[in-house]
There are 2 protein chains.
Amino acid sequence: MRKDTHHHGDLREALILAGIELLDEGGIDALTLRKCAARAGVSHAAPAHHFKGLVSLKAAIVARCYRMFSSTMLAHKNNAGTTPRAQLLAICEGYLAFTRTHAPLFQIMFQPKPEGMERVNPDILEELETESTNAFMILRAASAPFAPVGGHEQGTEVMVWALVHGYAVLFANAPDEETPAGVLPEFARILPDLPLRK
Amino acid sequence: MRKDTHHHGDLREALILAGIELLDEGGIDALTLRKCAARAGVSHAAPAHHFKGLVSLKAAIVARCYRMFSSTMLAHKNNAGTTPRAQLLAICEGYLAFTRTHAPLFQIMFQPKPEGMERVNPDILEELETESTNAFMILRAASAPFAPVGGHEQGTEVMVWALVHGYAVLFANAPDEETPAGVLPEFARILPDLPLRK
DNA sequence: CTCCTTAACTAGACAGTGTAAAGTTAAATG
DNA sequence: CATTTAACTTTACACTGTCTAGTTAAGGAG
């Protein structure tokens with residue numbers, strides 16, 4: 001079960017963790033291949049043996065972030081009441097909590113894919129796909145008990161996702177109640193009443 | 001009224017336009033101080049006389065983008081019906097049209113402010129503030145006829161803004177109907193019914 | 001044990017980036 | 001015309017990602 005490599009214990013994992021640290025500490029511009037390598041105690045060219053270029057490392061980091069993201073949402077869900085609305089709101093609060101706690105991670109997760117995306121290692125790409133889909137499934141499951149918004153089968157989940165994501169981007173990290181909108185309503189107040197399926 | 005400078009006609013403006021071109025053509029990574037300078041036919045250090053560093057040029061570009069953004073929204077509004085919901089929907093469609101036509105501009109506009117933001121030229125910062133606030137005011141005005149969502153005075157505008165922004169980021173540029181959500185509902189279907197003020 | 005292959009890493013170089021300093025040119029001012 | 005000053009160029013520096021060529025160590029075959 002041991003994955004001892006030659007010199008470093010587990011460089012791949014160390015690079016991902018270093019990247020997340022750098023993001024959390026210094027924002028999105030602080031994430032650098034060379035700094036990841038340095039933090040892992042390794043030369044600047046070493047990462048090339050585990051990741052095809054910076055985009056691949058970033059993709060692996062983002063995949064890991066989606067796991068943390070899902071965990072946060074699930075933790076909030078498990079601490080909430082059992083009514084459908086309480087569950088849905090809890091997940092949204094988890095969504096917002098993650099943005100507030102890990103703003104740079106959130107930023108890199110939802111940034112439009114850069115250019116070289118087509119040549120990241122296929123397994124990394126697959127993991128990324130899995131983790132991001134999994135995160136969305138949490139929200140989808142919580143939306144399922146409600147009647148479809150606008151008569152569209154995916155209407156509710158799309159509406160909730162857009163709403164919480166927009167709120168997260170525009171307002172979640174705004175200095176307390178200092179936005180172009182003036183005093184900010186809490187998220188629970190702008191989530192519309194959603195009738196249950198009959 | 002002529003602003004002839006020594007060598008270049010109007011370098012400041014040329015740099016902003018070059019930046020917008022670069023963004024539109026090559027995405028957010030294509031925006032570079034040196035490339036802006038080259039496209040304006042000037043050495044790479046010339047921009048320093050008009051903008052305090054790259055962040056300042058970016059701020060000026062973003063301010064200009066907000067102007068284009070407002071124009072797009074207003075154009076849609078003027079081509080729409082006069083009912084409050086038609087007006088509001090038209091503005092949202094303008095919002096989404098801008099994202100689809102100028103994805104990189106949209107991206108740089110709503111990116112979290114980078115580090116050196118505190119030392120951009122104060123007039124640029126003020127222009128940015130003005131233009132972005134002005135854009136939001138368009139949405140606010142269109143939200144005014146509706147009863148406050150969640151009983152909160154700013155509830156409606158915050159809800160609409162979050163909804164359209166989230167939809168724009170997550171879905172507007174998705175390959176047609178290929179998203180984790182499955183077949184995508186149009187925006188008009190996920191905008192809730194909003195009762196008018198009485 | 002020795003030889004060999006191969007994976008993991010290092011060292012160095014390169015083009016491109018933003019920024020800062022010093023030098024040059026041209027317009028404006030007295 | 002002489003001087004000042006703004007606009008721009010040149011040069012240099014540190015930092016980035018990537019590529020190439022070495023080096024080191026682990027594991028297997030005889």
Side-chain angles (χ1 to χ4, degrees), chain A residues 2-16 18-19 22-23 25-61 108 111 113-121 123-124, chain B residues 1-16 18-19 22-23 25-62 108 111 113-121 123-124:
Chain A
R2 290 147 61 240
K3 280 187 68 177
D4 287 20
T5 57
H6 300 246
H7 308 79
H8 192 285
D10 188 353
L11 182 54
R12 206 193 120 98
E13 183 70 10
L15 288 169
I16 293 176
L22 285 169
L23 283 167
E25 293 170 11
I28 204 162
D29 291 330
L31 176 57
T32 277
L33 228 182
R34 291 168 108 103
K35 278 195 260 190
C36 286
R39 192 165 286 224
V42 108
S43 92
H44 68 269
H49 290 262
H50 298 273
F51 302 100
K52 274 196 202 159
L54 177 61
V55 279
S56 297
L57 173 55
K58 276 186 178 168
I61 289 174
I108 201 179
Q111 227 172 10
K113 310 286 155 82
E115 281 301 308
M117 208 61 180
E118 64 280 355
R119 60 169 185 170
V120 330
N121 316 51
D123 53 324
I124 295 181
Chain B
M1 208 47 113
R2 291 151 55 242
K3 280 185 70 178
D4 288 18
T5 57
H6 301 245
H7 309 82
H8 193 286
D10 189 353
L11 182 54
R12 205 192 119 98
E13 183 71 9
L15 288 169
I16 293 176
L22 285 168
L23 283 167
E25 293 170 12
I28 204 163
D29 291 330
L31 176 58
T32 277
L33 228 181
R34 290 169 110 104
K35 279 195 259 190
C36 285
R39 191 166 285 223
V42 108
S43 90
H44 68 267
H49 290 262
H50 299 271
F51 302 100
K52 274 196 201 157
L54 177 61
V55 279
S56 298
L57 173 54
K58 276 187 179 168
I61 289 174
V62 168
I108 201 180
Q111 227 171 10
K113 310 286 156 82
E115 282 300 308
M117 208 61 179
E118 64 279 356
R119 60 170 185 171
V120 329
N121 315 49
D123 53 326
I124 295 181

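Residue numbers start from 1 in every chain, and the chains themselves are labelled A, B, ... in the order their sequence lines are given, proteins ahead of strands.
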Original post:
Looking across every strand, which nucleic acid part, if any, lies under 4.0 Å from A/Lys35 by heavy atom: base, sugar-phosphate, or nothing?
Top reply: sugar-phosphate
**OP:** Quickly work out the A/Arg34 CZ to D/dC19 C1' distance and round it to whole Å.
**Re:** 12 Å
**OP:** Let me know the distance between CG of A/Asp29 and C1' of C/dT17, rounded to the nearest Å.
**Re:** 13 Å
Original post:
A/Leu11 CG to D/dA25 C1': how many Å, rounded?
Top reply: 16 Å
**OP:** Could you tell me whether A/Glu25 and A/Lys35 have a side-chain N and a carboxylate O separated by less than 4.0 Å?
**Re:** no
Subject >> Inter-residue atom distance B/His44.NE2 - B/Cys36.SG, 0.5 Å rounding >> reply: 13.5 Å
**OP:** Please report, rounded to the nearest Å, how far the C1' atom of C/dT25 is from the NE2 atom of B/His49.
**Re:** 12 Å
Original post:
What is the nucleic acid contact for A/Thr32, judged by heavy atoms within less than 4.0 Å: base, sugar-phosphate only, or nothing?
Top reply: sugar-phosphate
Original post:
How long is the line joining CZ of A/Phe51 and C1' of C/dC9, in whole Å?
Top reply: 15 Å
Subject >> Polar side-chain contact B/His44-D/dT10 base: donor and acceptor under 3.5 Å >> reply: no
Subject >> Interatomic distance, A/Leu22 CG vs D/dT16 P [rounded to whole Å] >> reply: 10 Å
Original post:
If only atom types and distance count, is the side chain of A/Asn121 paired as donor or acceptor with the main-chain N or O of A/Lys52 below 3.5 Å?
Top reply: yes
Original post:
Can you name the closest pair of heavy atoms from B/Ser43 and B/Pro47 and give their distance?
Top reply: O-CD, 3.6 Å
**OP:** Tell me which nucleotide among D/dC8, C/dT10, D/dG17 gets nearest to the side chain of A/Leu33.
**Re:** D/dG17
Subject >> For atom CG of A/Leu15 and atom P of C/dA8, their distance in whole Å >> reply: 13 Å
Original post:
Rounding to a whole Å, what distance do you find between A/Leu54:CG and D/dT18:C1'?
Top reply: 10 Å
